Visitor: 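Sharing a structure below in structure tokens format, with a few things to ask.
This is a predicted model, so every value here is computed, not measured.
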Amino acid sequence: MSEVKLAAETRTEFGKGAARRIRRDSKVPVVLYGHNTEPVHLTLDGHALLLALRTPNVLISLDIDGKTNELAIPKAVQRDAIKGFLEHVDLLLVKRGEKVTVEIPVHAEGELAPGGNLLEHVLNTLPVEAEATHIPEAVTVSVEGLEAGASVLAKDIALPSGVTLAVEEDAVVLQVLQAQAEEAVEGEEAAEGEAAEA
């Protein structure tokens, strides 16, 4: 679990105009909330925050106005639909040792059984509960030799110690679909051709 230190400044201006001015200065408006505290409105350096958010569920150590230090994880990220820059970020306040529920990416490795079968990611991310300072970046699942019709359930995925599922154990995460046979398609086309001639 990587921890990234970022400098943050409290902000007193709100609204669309203020947000536009903040983004013009290459900064991002951020709201920090959690632990039954009043939300804290901050600005962070846009480039540094963008780099930090490349890591899923990154743990961010915030140095707020050089006075207080807080730990947070990203909860909601709004990006510009066209240019992709950060428009607004919600951060959730966490404490060391505290358990949080997050979604971690699921990566598949290995080759399916021969036959041109397809692997479907039913869940791209796996909901888990983990200590805020020990959130795994991802889980890797072997699909080596799986045949059509096989599936990988949430309970089949090996999780690091201290990490537990936050989804039904029988939830399907990955499944192997049978490749659609070209012969069946060709047979249908031939039948359609005969029907047209008749």
Side-chain angles (χ1 to χ4, degrees), residues 1-6 28 30 32 34 44-62 70-81 83-181:
M1 177 80 215
S2 54
E3 186 174 322
V4 178
K5 290 185 186 297
L6 295 178
V28 179
V30 172
L32 175 66
L44 275 77
D45 178 79
H47 183 66
L49 184 56
L50 191 65
L51 290 177
L53 292 175
R54 285 187 178 170
T55 302
N57 300 310
V58 63
L59 185 65
I60 299 173
S61 175
L62 294 169
E70 298 286 5
L71 287 176
I73 57 173
K75 207 61 187 164
V77 178
Q78 292 176 13
R79 297 177 190 268
D80 180 270
K83 296 181 180 171
F85 63 80
L86 296 173
E87 290 194 327
H88 185 272
V89 176
D90 285 348
L91 297 176
L92 180 65
L93 199 58
V94 295
K95 293 195 180 333
R96 290 188 193 281
E98 175 187 8
K99 292 261 189 178
V100 292
T101 301
V102 293
E103 295 193 359
I104 55 174
V106 176
H107 300 303
E109 68 177 10
E111 295 290 322
L112 297 174
N117 297 321
L118 303 170
L119 181 66
E120 180 188 13
H121 283 256
V122 179
L123 296 178
N124 288 318
T125 58
L126 186 66
V128 297
E129 188 178 72
E131 193 181 318
T133 53
H134 293 92
I135 299 171
E137 288 187 18
V139 287
T140 303
V141 181
S142 173
V143 295
E144 189 66 41
L146 291 184
E147 304 267 353
S151 56
V152 177
L153 305 180
K155 66 181 177 186
D156 300 330
I157 298 174
L159 297 173
S161 71
V163 179
T164 56
L165 288 174
V167 67
E168 292 292 323
E169 287 189 349
D170 293 333
V172 176
V173 179
L174 302 169
Q175 64 184 8
V176 183
L177 303 176
Q178 189 169 10
Q180 295 202 340

Visitor: Considering residues, nucleotides and ligands other than H107, do more than 12 of their heavy atoms fall under 6.0 Å from its NE2?
Guide: yes
Visitor: Please assess N57 against I73 for the test side-chain contact (heavy atoms from CB on, under 4.5 Å), listing each intermediate value before the final yes or no.
Guide: CA-CA 6 Å; N57 300 310; I73 57 173; 5.6 Å; no
Visitor: Of the options V163, L159, V128, which is the one that meets V139 in a side-chain contact (heavy atoms from CB on, under 4.5 Å)?
Guide: L159
Visitor: Is there any side-chain hydrogen bond (donor to acceptor under 3.5 Å, both in side chains) pair reaching into residues 113-126, and which pairs are they, with sequence neighbours excluded?
Guide: E103-T125, E120-Q175
Visitor: I need the minimum non-hydrogen distance between T101 and A166, along with the two atoms involved.
Guide: CG2-CB, 3.8 Å
Visitor: Go through it in stages, so that I can follow the logic: the residues are T133 and E131, the test is side chain to side chain donor-acceptor pair (under 3.5 Å), and I'd like the CA-CA distance, side-chain angles, deciding distance and then a yes or no.
Guide: CA-CA 5 Å; T133 53; E131 193 181 318; 3.1 Å; yes
Visitor: Is the count of non-hydrogen atoms from other residues, nucleotides or ligands lying under 6.0 Å from E168 atom CD greater than 12?
Guide: no
Visitor: If I compare all heavy atoms of V143 with all of A108, which pair ends up nearest, and what's the gap?
Guide: CG1-CB, 4.1 Å
Visitor: Kindly determine whether L62 and L32 satisfy side-chain contact (heavy atoms from CB on, under 4.5 Å), including the steps that lead there.
Guide: CA-CA 10 Å; L62 294 169; L32 175 66; 4.0 Å; yes
Visitor: Under the salt bridge (charged side-chain N to carboxylate O under 4.0 Å, His left out) definition, can you give me all pairs with a residue in residues 145-164, not counting sequence neighbours?
Guide: K155-D170
Visitor: Would V167 and L126 count as a side-chain contact (heavy atoms from CB on, under 4.5 Å) here? Give the steps.
Guide: CA-CA 8 Å; V167 67; L126 186 66; 4.1 Å; yes
Visitor: Within the structure provided, determine whether L71 and I60 are in side-chain contact (heavy-atom separation under 4.5 Å).
Guide: no
Visitor: Once rounded to the nearest 0.5 Å, what's the spacing between atom OG of S151 and atom CG of L177?
Guide: 10.5 Å
Visitor: So does K99 have more than 12 non-hydrogen atoms from other groups sitting under 6.0 Å from NZ?
Guide: yes
Visitor: Here's a test for you: under side-chain contact (heavy atoms from CB on, under 4.5 Å), which of L49, D90, L6 qualifies with V30?
Guide: L49
Visitor: Calculate, to the nearest 0.5 Å, the distance between atoms CD1 and CD belonging to I104 and E137 respectively.
Guide: 10.5 Å
Visitor: Identify the two heavy atoms, one from A52 and one from V4, that lie closest to each other, and give their separation to 0.1 Å.
Guide: CB-CG1, 4.0 Å
Visitor: Excluding sequence neighbours, so at least two apart, what forms side chain to side chain donor-acceptor pair (under 3.5 Å) with R54?
Guide: none
Visitor: Under a 4.5 Å cut-off applied to non-hydrogen side-chain atoms, are L112 and L119 in contact?
Guide: yes
Visitor: Is it the case that over 12 heavy atoms from other parts of the model lie below 6.0 angstrom from the CD atom of E109?
Guide: yes
Visitor: Between L174 and L123, is any pair of side-chain heavy atoms under 4.5 Å apart?
Guide: no
Visitor: Find the distance between NE2 (H134) and CG (L59) and round it off to the nearest 0.5 Å.
Guide: 10.0 Å
Visitor: Let's go through E70 and L93 carefully: what are the C-alpha distance in whole Å and the side-chain angles of both, what is the deciding distance for side-chain contact (heavy atoms from CB on, under 4.5 Å) to 0.1 Å, and is it a yes or a no?
Guide: CA-CA 7 Å; E70 298 286 5; L93 199 58; 3.5 Å; yes
Visitor: Is there side-chain contact between L153 and V173, with heavy atoms separated by less than 4.5 Å?
Guide: no
